[in-house]
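Below, all heavy atoms of this structure are taken into account, side chains as well, without hydrogens, waters or symmetry copies. Chain identifiers are assigned alphabetically (A, B, ...) following the order of the sequence lines, protein sequences preceding nucleic acid strands; residue numbering begins at 1 within each chain.
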Amino acid sequence: MEKVFNPHTIEGKWYELWVKNGYFTANNSVEGEPFSIVIPPPNVTGMLHMGHALNNTLQDIITRYKRMAGFNALWVPGTDHAGIATQNVVERELAKEGLNREMLGREKFVDRVWEWKEQSGNTIIEQLKRLGCSCDWSRQRFTMDAGLSRAVREVFVRLYNEGLIYRDNYIINWCPRCKTALSDLEAEHELTNGSLWHIRYPLADGSGHLIVATTRPETMLGDTAIAVNPSDERYAPYIGKDVILPIVDKRIPVIGDSYVDVTFGTGVLKVTPAHDLNDFEISKRCNLDVVKVIDDDGRMNENAVHFKGMDRFECRERIVEELDKKGLLEKIEPYALGVGKCYRCKTVVEPSLSRQWFLKMKPLAEPAIEAVRNHQVRIIPEMWEKTYFEWMENIRDWCISRQIWWGHRLPVWYCDRCDRTYVSAEDLSTCEVCKGDLRQESDVLDTWFSSGLWPFSTLGWPDDTKDLRTYYPTSVLITAFDILFFWVARMIMMGIRFMGQVPFREVYIHALVRDAEGKKMSKSKGNVIDPLLMIDEYGTDAFRFALAMLAAQGRDILLSEERVEGVRNFVNKVWNASKLSLTFIDSGTAGIESGKSAFLPDRWIRSRLQKVVRELSESIEKYRFNEAANAVYSFVWHEYCDWYLEMVKPNLYGKVDSFDPSLTRSVIHRTLSDILKMLHPLMPFVTEEIYQRLPVRESESIMVAPFPKYTEAEVDEAAEQEMDLVMGIVDVVRNIRGETGIAPNVRVEAVVRADGRASILQEYGYYIKELAKIEHLAFMDGRPPEQSAVGVYKGIEVFVPLKSLIDVSKELGRVAKELQKIEEDSERLLKKLNNPSFREKAPAEVIAKNQETFDELMKKKEKLVSSRELLENLAGN
RNA sequence: GGGCGGGUAGCUCAGUGGGAGAGCAUCGGCCUUACAAGCCGGGGGUCGGAGGUUCAAAACCUCUCCCGCCUACCA
């Protein structure tokens, strides 16, 4: 085996083997409790970023763990067609060729997108494979597959027939660049510094003017009224009068509406029904005209008088200029407002009246709220429940139609001859009534409409399939919070509506990955860490393990390259520890389990392993990935490597023959195998590589080996306590050596006074000597040797005769420092113990524990004081 | 406007009522044949601030100061 582990030579090899042997493929008729996850489908346009890497690493950890633990595990992979995003990508490609989609026409354009999808759409899938994801690729889905498209139509038709889908004129967010409507969620509000322009609207009777405050002066061209609050004494008398709309030079009424906030601006509101949601609501209440002034491309239209054809933002400036010139601009105030931007292209969206398709959400939301409230769906961490409720309780109808070409075309047909509308899961061509030709709705559905069906559409719905019966509801959904509303909430609603059951039992919401400074990673900031570069540089195992270690609940993950490097070192440690372990084992050492080793380190490591197995399993089950990773990290490095492997060497190298080495070899065999299996979900590749080198294995691949189970019979509290003493004594000697500057290659003398607890230390004296570099280890009960440094562990004293080995003043300093610490600690404890209310009210075991600690400190102090006297004499001589 | 999260060692973070922890960084000593991507040892924190509850608070309550996020139909 190489001295340094090289991940790149092995990763591809094992992944291929796993696929070839079908380990990822779930069998829906096999025994075992089902465990299923559906992947949050990445966009087909996607390139693996840190968010994907974390998300999929966590899913893979839990899937591999469950699979090894005996579950019938299924992880369904797939991709999302990502309507607007994908269309934009292909349009950019066309632009390079001097083309645009209109030039191609709808059909050819869609063909072109499919072509693109076939060529490039698999990039992210290949990247997931490099991450080691154990997805069932035989069940890979795409939101525009025939099957999933059928599910989309079925859902649309049913919702329409139930009256939940309707078509209406309403204010929606319009992206002038993507030229489509967006849902409320797709408009991201960003606090922006703007202005509040105060504009004079002259009264038609010439008796003065009213001042209106607005952040979007260009929309005034579409004003059809101005409104005041009827309870506002300042303005109530004006209600019913007319004002002259400046520039347009048109009479519009002053109306009263209680919506107007008397405290905002001037208390006078301009009403632009076509470009503002509230104004539109007012217009319906008051029966006002609706005048659109901004076109679908963000330019002013024919209603904008001489501004026709001008860009909306330029128009804003020109209008302000013109108003100013006419003396109608009262003042300009700086004002910060939330500006909506398209989540795909960041263009400022225009609220605009438009005829769109909507889905009524309230009836869907109610059972979905209930499901979370009564924990049919458990959201973890729980704090996200509040956010979920907050949004769901105030949910508004969802604009589901998009004016793009790439996506699921609405299954709606119109007869232009007799003006009928048909909604059907099957394609239609002829009007049943007038036999005229039918025209299919040109709009497509919001991408999130199809992803909302993902947990059951991927399993075969609307057919009643074995997969659905076996794996639905899925066990858990693992995702980041940024798509809680976009996706998670909608899946819960749709799952309950169409399956009659929640889509998943648990939702684990993990953090966002940020850079080392805590900033959101983005291309424009240039702080993006490319996961594939991390994999290239440090290996997949190190990268995955690092993500897991950082994945604490409820906090963002700040990833730095150094962190991954540190874990790379751990992977190498595992590699080297395995290399050594493998030299101790052979095909004969596997089966010897009946003869329980009496060798303390053997008993100890097996006992410790049980506890770590339990901790690891519990942590993964609770999605505490950082705790899982940390537990196994410190066990492997600091217990197995630092103590256990060091301690078995003398025995196995034949330096002492007090214990049967074949039993120890057997323990190493089992323990190494268990460690590999424990690590496998976290670092799949290196563990497989080493597993394959075991002389005897339980299975062809570690992937399908049984996960270690907590075994009570191997728990050995006595061994843990005895080992604790041995390690404690070694630590004391090492500490004296380190602190007093004894060179590592110098062997020292040591004397232990253990007050009757010497036997275990005597028994393992040879090992203590090896670990602490002691030449002679003596045990005594009487007077301590003179001229010695002393250390105490749990009341056992260790003397290291100084002779000429050490610097006396240094040692005095060390003792003084330790005494001071004892002084501080014991003082605090004493105060507590002497407190009558503490003695009265604290639980007995807490009092006992404190007392015990105090007694120990006192003992230690006594010993150090005598040691100090000794040293002082020595210094005096 | 409403809501949420965070402020613990130089850095990144664990730690939800009883002796302040980890990784990295740092300092000192070691090429001890599994591993220098390593080994051994050390230093370093009045747990954002104030008050309160309690025998006991980093943790619970109140207030307060910073930082971040989500959400919203105040033009």
Tell me which residues in residues 641-649 of chain A put a heavy atom below 4.0 Å from RNA chain B, sorted by number, or none.
-> A:C641, A:D642, A:E646, A:K649
Mark yes or no for whether A:N835, through its side chain, and A:K831, through its backbone, hold a donor-acceptor pair below 3.5 Å.
-> no
When you compare B:U46 with B:A58, how far apart are their C1' atoms, in angstrom units rounded to a whole number?
-> 12 Å
With a 4.0 Å cut-off on heavy atoms, is A:D731 in touch with a base, just the backbone sugar-phosphate, or nothing at all?
-> sugar-phosphate
A:V846 has its side chain closest, among B:A72, B:G18, B:A75, to B:G18
For A:Y388, check side-chain hydrogen bond (donor to acceptor under 3.5 Å, both in side chains) against everything at least two apart and list the hits.
-> none
Length of the line joining A:E281:CD and B:C74:P, which is rounded to integer Å | 13 Å
Between the main-chain N or O of A:P217 and the side-chain N or O of A:R316, is there a donor-acceptor pair closer than 3.5 Å?
-> no
P gap between B:U32 and B:G23, integer Å | 24 Å
Evaluate the ring planes of A:Y623 and A:F625, with Trp represented by its six-membered ring, and classify them as parallel (under 30°), tilted (30 to 60°) or perpendicular (over 60°).
-> tilted
In whole angstrom, give me the gap between the P atoms of B:G43 and B:C27.
-> 16 Å
Crowding at NZ, A:K861 (>12 non-hydrogen neighbours, <6.0 Å) | no
In whole angstroms, the gap separating C1' of B:A34 from CD1 of A:I668 amounts to 12 Å
Taking the P atom of each, how far is B:A59 from B:A72, in whole Å?
-> 35 Å
Sugar-phosphate, base or nothing in reach of A:G194, heavy atoms under 4.0 Å = nothing
Check whether any side-chain N or O of A:T192 sits under 3.5 Å from a backbone N or O of A:E190 as a donor-acceptor pair, and report yes or no.
-> yes
Sorted by first residue and then second, give each side-chain hydrogen bond (donor to acceptor under 3.5 Å, both in side chains) pair with at least one member in residues 331-340 of chain A; sequence neighbours left out.
-> A:H198-A:E333
B:G44 versus B:A9 - spacing of their C1' atoms, nearest Å = 6 Å
Assign A:K3 to base, sugar-phosphate, or nothing according to its heavy-atom contacts below 4.0 angstrom with the strands shown.
-> sugar-phosphate
Pairwise C1' distance, B:G45 and B:G1 [rounded to whole Å] | 39 Å
Roughly how many Å is it from CD in A:E739 to P in B:G43, rounded to a whole number?
-> 6 Å
Could you please name the partner base of B:C74, counting Watson-Crick and G-U wobble pairs only when both distances are under 3.5 Å?
-> none
Hey, can you pull the residues of residues 564-584 of chain A with a non-hydrogen atom under 4.0 angstrom from RNA chain B?
-> A:R568, A:N569, A:N572, A:K573, A:N576, A:A577, A:K579, A:L580
Would a distance-only check, ignoring hydrogens and angles, find a side-chain to backbone donor-acceptor pair under 3.5 Å from A:R737 to A:A743?
-> yes
Please check the phosphate of B:A75 (OP1 and OP2 only) for any side-chain N or O of A:Y259 closer than 4.0 Å.
-> no
Under 4.0 angstrom, heavy atoms only, what part of the nucleic acid is A:Y170 near: base, sugar-phosphate, or nothing?
-> nothing
Hey, what are the protein-to-nucleotides 51-61 of chain B N/O distances that come in under 3.5 Å?
residue, atom, partner, partner atom, Å
B:C55, OP1, A:K841, NZ, 2.2
B:C55, O2', A:N835, ND2, 3.1

For A:Y793, enumerate each residue passing the side-chain hydrogen bond (donor to acceptor under 3.5 Å, both in side chains) test, keeping only those at least two apart in sequence or located in another chain.
-> A:D724
Between A:H8 (side chain) and A:D536 (backbone), is there a donor-acceptor pair under 3.5 Å?
-> yes
side-chain hydrogen bond (donor to acceptor under 3.5 Å, both in side chains) partners of A:E618, counting only residues at least two apart | none
Want to settle it: does A:F5 or A:F264 sit nearer the 5' end of RNA chain B, counting the closest nucleotide to each?
-> A:F5
Looking across every strand, which nucleic acid part, if any, lies under 4.0 Å from A:V260 by heavy atom: base, sugar-phosphate, or nothing?
-> base
Watson-Crick or G-U counterpart of B:C4, or none if no pair lies under 3.5 Å = B:G68
By side chain to side chain contact (heavy atoms under 4.5 Å, CB included) - contacts of A:S352 (at least two apart) | A:W174, A:H275, A:K292
Sequence neighbours excluded, the answer for side chain to side chain contact (heavy atoms under 4.5 Å, CB included) partners of A:N572 is A:V4, A:F5, A:W575, A:N576
Between P of B:G2 and CD of A:E390, the distance in whole Å | 11 Å
Write down the distance separating the P atoms in B:G17 and B:G41, rounded off to the nearest Å.
-> 32 Å
Any pair with a residue in residues 254-273 of chain A that passes salt bridge (Lys or Arg N to Asp or Glu O under 4.0 Å), sequence neighbours left out, goes on the list, sorted by first then second residue, please.
-> A:D223-A:K270, A:D257-A:R285
Paired with B:G38: which nucleotide, if any, by Watson-Crick or G-U wobble criteria at under 3.5 Å for both distances?
-> B:C30
Rounded distance (Å) that lies between atom P of B:G18 and atom CG of A:L833 = 17 Å
With the side chain defined as heavy atoms from C-beta on, A:N626 is closest, among B:C70, B:A75, B:A14, to B:A14
side-chain hydrogen bond (donor to acceptor under 3.5 Å, both in side chains) against A:E615, all qualifying residues, sequence neighbours excluded = none
Assigned partner base of B:G51, Watson-Crick or wobble definition, under 3.5 Å | B:C61
Separation of A:W391 atom CH2 from B:C70 atom P, in whole Å?
-> 15 Å
Looking at every strand, decide which applies to A:N735 at a 4.0 Å heavy-atom threshold: base, sugar-phosphate, or nothing.
-> sugar-phosphate
Under 3.5 Å, side chain of A:S195 to main-chain N/O of A:W197, donor-acceptor pair present?
-> no
C1'-based separation of B:C67 from B:G49 [nearest Å] = 15 Å
Whole angstrom value for the distance that separates P of B:C74 from CG of A:N229 | 16 Å
RNA chain B-proximal residues of residues 627-640 of chain A, any heavy atom under 4.0 Å | A:Y633, A:W637, A:H638
Is any side-chain N of the basic residue among A:E852 and A:K849 closer than 4.0 Å to the acidic one's carboxylate O?
-> no
Measure the distance from CG on A:D184 to P on B:U71 and round it to the nearest whole Å.
-> 11 Å
Identify whether any heavy atom of A:R828 sits under 4.0 Å from a base atom; if not, whether one sits that close to sugar-phosphate; answer base, sugar-phosphate or nothing.
-> sugar-phosphate
Taking only side-chain nitrogens and oxygens of A:R737, does any of them come within less than 4.0 Å of OP1 or OP2 of B:C39?
-> no
